[in-house]
Amino acid sequence: MNTKIKLAIGYLGILMSILQGTSSAQEIPKAIINSTLSGTVIDSVSGAPLSDVTLKLDGVTHQVKTDAEGFFSFVTGQKLPLNLTVSRVGYQTQRIEAKNPEITIRLRAQSEVIDQVIVTSRRRKEQLQSVPIPITTLTGTAIENAGAFNVNRVKEVIPSVQLYASNARNTTLNIRGLGSTYGLTNDGIDPGVGFYLDGVYIARPAATWLDFIDIEQLEVLRGPQGTLFGMNTTSGAFNISTRKASFDPSATFELSYGNYGFLQGKASLTGPLTKTLAAKVSFSGSQRNGTLHNVQTNRPINNLNNLGVRTQLRYQPHEHLEITLSGDRSAQRPDGYGWGVAGVVETQRAAYRQFDAITKDLGYELPYANAFERKVDLNTQSKADNELGGVALNVEYKLKRGTLTSTSAWRYWKWVPLNDRDYIGLPVFTVSAGNSAHDQYSQEFRYAGDIRENLTLVAGLFGLYQDLRTDPVHTEEGGSALWRFAQNSTSELWKTPGLFDNFGIKTIYGIKTTSLAAYSQLDWAITSKFHVLPGLRYNYDKKEAHYNRQTYGGLQTDDPALLALKNGVYTNQAFETNASAGNFSGQLSIQYRPNQQLNAYATYAISYKPVGINVGGLPTAKGEVLLDLARVKPEAVRHKEIGLKSSPDRQSILNLSVFQTDITDFQTLVQTPEPGVNRGYLANAEKVRVQGIELDGSLRFGQIAKFNGALSYTDGKYIKFSNAPVPLEEVGGPEAFKDISGGRLPGISKWSATLGGEWSQKARLLKLDGRFYIGADVFYRSEFSSSPSPSQYLNIEGYALLNGRIGFRADNGLTLSIWARNITDNNYYEQLLAAPGSYGQYAGIIGDPRTYGVSIRYAINFF
């Protein structure tokens with residue numbers, strides 16, 4: 001661009017400034033124009049001019065954008081030097097001090113370097129590679145590329161994460177195989193994996209079904225983190241941050257369409273309301289037809305029907321104070337979740353008590369040969385209404401050396417289900433409805449900053465109160481075919497008409513939980529290369545529970561023999577109990593960083609998982625309820641880890657960690673043949689051990705290509721569990737319990753890995769400058785046990801999933817993408833679940849088939 005054109009643009013800018021300054025009273029104020037700033041923005045590698053670059057001067061709202069030749073011009077009343085912020089999609093935002101009226105700015109693409117990832121897990125902003133904690137991060141863009149609209153699909157990107165869910169309530173979220181009980185959820189236990197959204201701890205497992213709305217970054221921390229977070233997280237933490245409301249107006253819109261009628265829309269709008277107050281509103285809606293077909297109703301089930309909204313107000317009266325008020329709500333209204341029979345096990349019961357013999361007597365035959373036909377035969381309507389949300393107030397005040405933070409929050413959860421728990425079309429267990437409601441209130445105060453030049457402190461106080469209750473009752477009900485499944489003798493009394501028709505239990509229970517904690521962690525730089533990081537935590541937990549269930553229905557009789565038959569299926573149970581425990585825990589880490597490329601660390605941690613209470617029904621012995629099982633001991637965790645983080649150059653990362661975790665009084669959920677223990681019951685295994693090795697790395701070739709991968713070896717076993725329930729195939733044998741010491745823990749694959757890559761090339765499409773890209777990723781996991789007591793039948797074969805995408809990212813913020821998941825249409829199980837009563841049949845939770853679609857996304861900045 002020649003000098004005359006530049007001068008013309010400069011004069012035009014002066015004229016516009018004068019015109020815009022005309023007041024409503026038609027008075028022309030005196031304006032003194034002190035500076036004109038102009039220049040060009042170019043790519044730091046190729047030197048090519050960059051269009052659509054936004055440049056904003058500090059202290060004013062005025063912004064400009066570069067033209068097609070990368071040129072910009074400011075006319076301002078400020079004097080040189082000028083400070084400005086320079087940003088563009090796909091490039092690193094830079095702050096520039098302009099000392100001359102004409103400058104050239106070189107922007108670096110985000111893909112030029114890897115180690116610029118910033119994390120906040122230690123309550124301050126720092127580079128990922130400098131933190132002595134094994135952390136995996138996913139940006140919002142990476143989450144979107146993975147097609148993840150909740151945590152469920154993150155497990156395919158981070159091999160150390162395991163997530164199993166038969167529905168929102170019955171969700172197991174584990175890191176390295178530890179955290180939550182495997183199988184159905186018992187409300188009387190706390191998760192060992194912390195789930196944090198913008199600093200707010202979310203207590204219920206259903207939180208993992210929270211829609212990802214406008215996510216900035218997800219950090220997954222592995223290992224105990226109780227000295228950094230409010231709630232005691234014995235296995236790790238998910239630290240999710242959303243994008244903040246901005247004083248720079250912008251908006252993003254996204255629409256996706258795919259097979260199975262998949263339709264998803266997202267939108268986010270942000271901008272200033274005043275000079276000190278900014279607002280943001282974000283929305284997400286997803287729907288998809290069911291992937292299973294119920295032959296009873298001739299309609300699909302297991303569909304998606306999600307809506308979510310998040311709002312935020314950000315008040316920043318000056319640079320030291322920021323107050324954020326946010327609210328969110330997610331609602332899922334699917335047409336239920338049901339599962340087909342994956343197989344039948346021959347138990348050690350008598351021949352007439354085997355599943356095949358029972359169904360033959362009742363004239364029933366499964367209408368499909370295997371579960372991968374994606375058919376189910378359910379004679380009860382499926383329902384799984386899940387709603388969660390809340391409000392949070394976050395206050396940050398920056399001091400000279402650190403930041404004071406207060407986070408106050410209220411959250412709620414409502415669960416309205418209806419399930420067919422026998423997995424077949426016979427009226428065995430016709431109603432299973434565990435309606436629940438939950439409220440939680442939390443408060444956290446925290447300081448993070450320097451005490452002196454070589455000493456950094458994180459310290460906080462945390463309080464959490466939970467009120468979880470039936471809403472209004474939990475209902476379990478049998479049908480007219482229950483008698484044949486429950487039959488345990490050849491007595492003709494079992495055939496008494498109507499004996500078990502509509503026979504069930506109604507349960508009312510509630511559990512109130514109080515958790516209080518004080519935590520701290522120091523980072524002492526003995527030298528610039530050698531750091532010692534001690535941490536200490538005190539935790540107090542108290543639970544108060546009441547449980548009352550009453551039988552109803554069936555044949556009304558006073559005959560002791562018939563009553564005995566009914567009591568063999570369901571009995572009245574009632575108890576009140578409370579449990580409390582306080583404990584100290586902590587950790588000691590050492591870190592040695594000889595240079596910017598290497599970071600070695602070692603950690604020893606002691607942690608505790610809070611005391612638990614059984615609220616899912618207790619087993620009986622000789623007709624008596626085993627009330628001593630109502631309370632469950634806390635877990636005691638001993639964790640050791642060494643790790644090495646390396647950045648051989650600015651284009652690559654390679655990290656290694658080796659760990660061993662020993663747990664005493666491991667809290668596990670076990671099944672029993674008693675139908676009345678309707679969600680299993682909690683128990684303590686004397687000792688378990690999980691150990692393994694993790695390797696992850698990334699490699700970039702400038703803006704052309706990038707690759708990332710992770711490999712995890714995990715070995716988890718019961719060191720001692722001498723009184724575990726027998727596996728499904730041993731039900732009906734001489735013993736109801738067995739010693740499974742040495743057996744493997746459920747849900748853990750010894751090997752899991754992910755490998756992904758993306759290639760891109762600068763190009764033009766429909767007169768838009770941008771980059772074409774093509775990417776793919778593969779996830780693999782080896783076989784694993786799907787039963788708390790190891791079973792030769794309830795094992796899931798290893799599988800691999802291939803996903804891919806191809807598209808165009810325009811420089812103006814427009815992205816077009818064609819994507820596919822499970823490209824090879826692989827059939828695989830995510831979980832196997834034995835039916836209540838242990839009659840031999842078990843259900844298979846099937847992974848999604850091949851899905852594909854197209855997405856269009858547009859991000860725009862206004863000024």
Side-chain angles (χ1 to χ4, degrees), residues 134-136 138 146 148 150-185 189-195 205-209 218-225 233-238 609 635 637 639 657 659 661 663 666-669 688-696 710-718 743-754 779-788 790 794-801 828-833 844-848:
I135 305 177
T136 301
L138 291 175
N150 57 36
V151 177
N152 190 29
R153 288 182 178 170
V154 173
K155 66 186 179 186
E156 298 171 14
V157 184
I158 307 175
S160 297
V161 171
Q162 298 89 30
L163 188 142
Y164 308 97
S166 55
N167 53 40
R169 177 200 184 90
N170 294 310
T171 300
T172 298
L173 177 61
N174 285 347
I175 296 176
R176 295 171 170 172
L178 300 173
S180 301
T181 55
Y182 182 86
L184 302 177
T185 296
I189 196 172
D190 291 297
V193 174
F195 194 90
T208 59
W209 288 55
L218 183 153
E219 303 167 15
V220 179
L221 292 78
R222 306 190 289 276
Q225 305 297 331
T233 54
T234 59
S235 305
F238 276 69
K609 189 176 175 184
E635 287 184 356
V637 181
H639 176 78
S657 59
F659 67 92
T661 304
I663 302 179
F666 177 71
Q667 295 173 343
T668 184
L669 186 75
V688 305
R689 173 176 294 163
V690 177
Q691 55 192 359
I693 302 173
E694 296 166 339
L695 183 70
D696 64 83
L711 176 67
S712 176
Y713 170 81
T714 310
D715 179 34
K717 64 177 60 178
Y718 297 103
R744 58 178 173 171
L745 292 175
I748 301 178
S749 293
K750 280 200 171 184
W751 294 98
S752 57
T754 183
F779 168 73
Y780 167 78
R781 67 177 303 181
S782 61
E783 64 96 26
F784 62 96
S785 168
S786 190
S787 173
L794 301 182
N795 295 323
I796 294 179
E797 295 180 358
Y799 59 87
L801 300 176
Y828 65 98
Y829 291 119
E830 293 192 338
Q831 200 173 355
L832 297 175
L833 297 174
I845 299 176
I846 303 173
D848 279 348

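Hydrogens, waters and symmetry mates play no part in the numbers below; they use all other heavy atoms, side chains included. Computed from a prediction, not measured in an experiment: that's the story for all the values here.
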Full working for side-chain contact (heavy atoms from CB on, under 4.5 Å) between F659 and I693: CA-CA 7 Å; F659 67 92; I693 302 173; over 6 Å; no
Would you say [X]'s side chain and [Y]'s backbone share a donor-acceptor pair under 3.5 angstrom?
{"X": "S752", "Y": "S749", "value": "no"}
{"X": "K155", "Y": "L163", "value": "yes"}
{"X": "S785", "Y": "P746", "value": "no"}
{"X": "E635", "Y": "Q667", "value": "yes"}
{"X": "S782", "Y": "W751", "value": "yes"}
{"X": "D715", "Y": "G692", "value": "no"}

Distance, nearest 0.5 Å, that separates [atom1] of [X] from [atom2] of [Y]:
{"X": "K609", "Y": "D190", "atom1": "NZ", "atom2": "CG", "value": "7.5 Å"}
{"X": "Q162", "Y": "T172", "atom1": "CD", "atom2": "OG1", "value": "10.5 Å"}
{"X": "L745", "Y": "T668", "atom1": "CG", "atom2": "OG1", "value": "8.0 Å"}
{"X": "I135", "Y": "L221", "atom1": "CD1", "atom2": "CG", "value": "4.5 Å"}
{"X": "T171", "Y": "L173", "atom1": "OG1", "atom2": "CG", "value": "8.5 Å"}

Would you call K750 and E783 a salt bridge, taking side-chain N to carboxylate O under 4.0 Å as the test? no
Can R781 and E156 be counted as an ion pair, charged N to O under 4.0 angstrom? no
Going by side-chain contact (heavy atoms from CB on, under 4.5 Å), name the residues that satisfy it together with T181, two or more places apart in sequence or in a different chain. I189, L669, L682
Nearest atoms (heavy-atom pairs only) where [X] meets [Y]:
{"X": "L711", "Y": "A753", "value": "CD1-CB, 3.8 Å"}
{"X": "Q831", "Y": "A165", "value": "OE1-N, 3.8 Å"}
{"X": "N170", "Y": "N167", "value": "N-OD1, 2.9 Å"}

Would you say the side chain of [Y] lies within less than 4.5 Å of the side chain of [X], judging by non-hydrogen atoms?
{"X": "L833", "Y": "I845", "value": "yes"}
{"X": "L178", "Y": "T661", "value": "yes"}
{"X": "Y829", "Y": "I846", "value": "yes"}
{"X": "L801", "Y": "Y799", "value": "yes"}
{"X": "I175", "Y": "F238", "value": "yes"}
{"X": "F779", "Y": "V157", "value": "no"}
{"X": "L832", "Y": "I796", "value": "yes"}

Run V161 and N174 through side-chain contact (heavy atoms from CB on, under 4.5 Å) and show every step you take. CA-CA 6 Å; V161 171; N174 285 347; over 6 Å; no
Step by step, would you call R176 with S712 a side-chain hydrogen bond (donor to acceptor under 3.5 Å, both in side chains)? CA-CA 9 Å; R176 295 171 170 172; S712 176; over 6 Å; no
Give the ring-plane orientation class for Y718 versus F666, where under 30° counts as parallel, over 60° as perpendicular and anything between as tilted. perpendicular
Parallel, tilted or perpendicular: rings of Y164 and F784 (30°, 60°): tilted
side-chain contact (heavy atoms from CB on, under 4.5 Å) for V154 and L138? Distances and angles first, verdict last. CA-CA 9 Å; V154 173; L138 291 175; 4.0 Å; yes
Side chains of R222 and T136: any donor to acceptor distance under 3.5 Å? yes
Go through the side-chain N and O atoms of S160 and E694 and say whether any donor and acceptor fall under 3.5 Å apart. yes
Does S180 form a side-chain contact (heavy atoms from CB on, under 4.5 Å) with V193? I'd like the steps, not just the answer. CA-CA 7 Å; S180 301; V193 174; 5.7 Å; no
Decide side-chain hydrogen bond (donor to acceptor under 3.5 Å, both in side chains) for Y182 and S786; before the verdict, give the C-alpha distance in whole Å, the side-chain angles of both, and the deciding distance to 0.1 Å. CA-CA 8 Å; Y182 182 86; S786 190; 2.7 Å; yes
